[in-house]
Amino acid sequence: MSPRKFQAIKGTRDILPAEISGWHRIEAAARELFPRYGYREIRTPVFEETELFARGIGAETDIVSKEMYTFEDQGGSSLTLRPEATAGIVRAVIEHNLAADDPAPKFWALGPMFRRERPQKGRYRQFHQVDVEAFGMSRPSIDAEIVEVALAYLEACGLRDCELVLNSTGDAKCRPAYVETLRAALRKEAGRLCADCQRRTETNPLRVLDCKVPEDQPVIDGLPRIGDHLCAECRDHFAEVRRELDLLGIRYRLDHRLVRGLDYYTRTTFEVTSGALGAQNSVLGGGRYDGLVKELGGPDLTGIGFALGMERLVMLLPQAEDEGRCDVFLAPLVPDALDPALLLQRDLRRAGLRVLMENEGRGLKSQMKKADKLRARFVAIRGEDERAKDIWMVRDMAGSVQEEVKAGDVARHLEAKLRG
Ligand code: HAM
């Protein structure tokens, strides 16, 4: 019996060489763009103490209550694969005192996140985020900047046709009263709500606003709106954010239901969506989280940021042209040609060219087929005749012309052809 074959775990996927160029493109755009705004890269571990996420994201959120990959390690600690990047970055900022003497504590990160959601198009159990966070800045101008850098990033990656959705969710001063108003309204409608929303009415009424159950929508549409219950400071803050977005020429749609699936948000929340994604239409989401650093044991420091789903962004971008992967293919046809081929291969690679050669000693026809499949620009052949004359036969695969080149000149010749 042949051994059992393995498959990737449900909800995870291999990013294959044929699709890697899209990933490289968006990673390079991040490295190039974020430093222009003063963001520096940070890399935090993929697992943390479970309690960090429970306290940071909120025990009643779907992420914490249903979706975390939590395990006990051999030492008995409860650990969790990070479902998002913000809590870990906040932990690092506190642990290393990163905001203490940095006049602009701004960080960006990218990497894998883990949520045990039901897999579907654009939704995976291991997925990747690009994440941006800024600390200690409480004025509306940083809210506007965060939105602006998010959109500039999408544009740098080549994304068009997306929509910015914006809301303010109030703060510790005005939200508790709104939540009570919401709860009272929900209790009156309990009989018309799904079981989850009936539970949320008591545990975390804001989460009802995220509910996607069609039968619940008429009730939810009639609920009191956060915008009508903001305190004066939150209302002024939001008005100024919008004024600055207008100033910067950034268009948005207001959505009073945009409370987002994590509990740490205060004031500004936003998402960028794309119709081309289908049901999972959010490309990125973020907002302000002014109480989180303190909640996680740090100083009273404000925070704001966003995260983008890399799988979703790559899906939305046009596939890059396959450029081929070989500038020069070396075809040594006789045993004596092996050593010159090895030396030539090394020299060409040192000069920065992409070189492959025949290692299995096959005949000319099969070598040419291989060069074709690799989309080689040039093939350099050395058989009996070429050995006798101490030359290489260099074939230009585009024009199917070939010329004899002295062995000592062949590296320079190919370099000039490919760079010229
Ligand atoms: P989030 O809305 O949970 O926010 O996730 C941000 C983005 O990650 C989503 O818009 C989506 O593109 C992507 N995403 C989330 N879950 C999945 C999944 N299962 N499969 C594929 N992509 C997914 C956060 O994570 C916050 N930490 C954002 C933030 C940063 N807020 C402030 N700072």
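Order of appearance sets the numbers: ligands from 1, and atoms from 1 within every ligand.
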Measuring from each atom of ligand 1, which residues have a heavy atom under 4.0 Å away?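 Residues near ligand 1: Glu84, Thr86, Arg115, Glu117, Gly122, Arg123, Tyr124, Phe127, Gln129, Asp131, Glu133, Arg260, Leu262, Tyr264, Tyr265, Ser282, Val283, Leu284, Gly285, Gly286, Gly287, Tyr289, Gly305, Phe306, Ala307, Gly309, Arg312.
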
Between His413 and Trp392, does the ring centroid distance fall short of 6.0 Å?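 Not under 6.0 Å, so no.
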
Determine whether the aromatic ring centres of residues Phe47 and Phe114 are separated by less than 6.0 angstrom.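 No - the distance between ring centres of Phe114 and Phe47 does not fall below the 6.0 Å cut-off.
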
Nearest-0.5 Å distance, NE2 of residue His229 to OG of residue Ser168: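 Separation between the atoms: 13.5 Å.
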
Pair Tyr69-Arg116, side chain to side chain contact (heavy atoms under 4.5 Å, CB included): steps then yes or no: CA-CA 7 Å; Tyr69 282 98; Arg116 200 177 188 287; 3.4 Å; yes

State plainly whether the residues Asp102 and Arg40 are in salt-bridge range, i.e. N to O under 4.0 Å.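 Looking at Arg40 together with Asp102, the answer is yes, because their closest N to O distance falls below 4.0 Å.
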
What pair of heavy atoms forms the shortest contact from Ile57 to Val64, and how long is it?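 Scanning both residues, the minimum pair turns out to be CB-CG2, 3.8 Å.
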
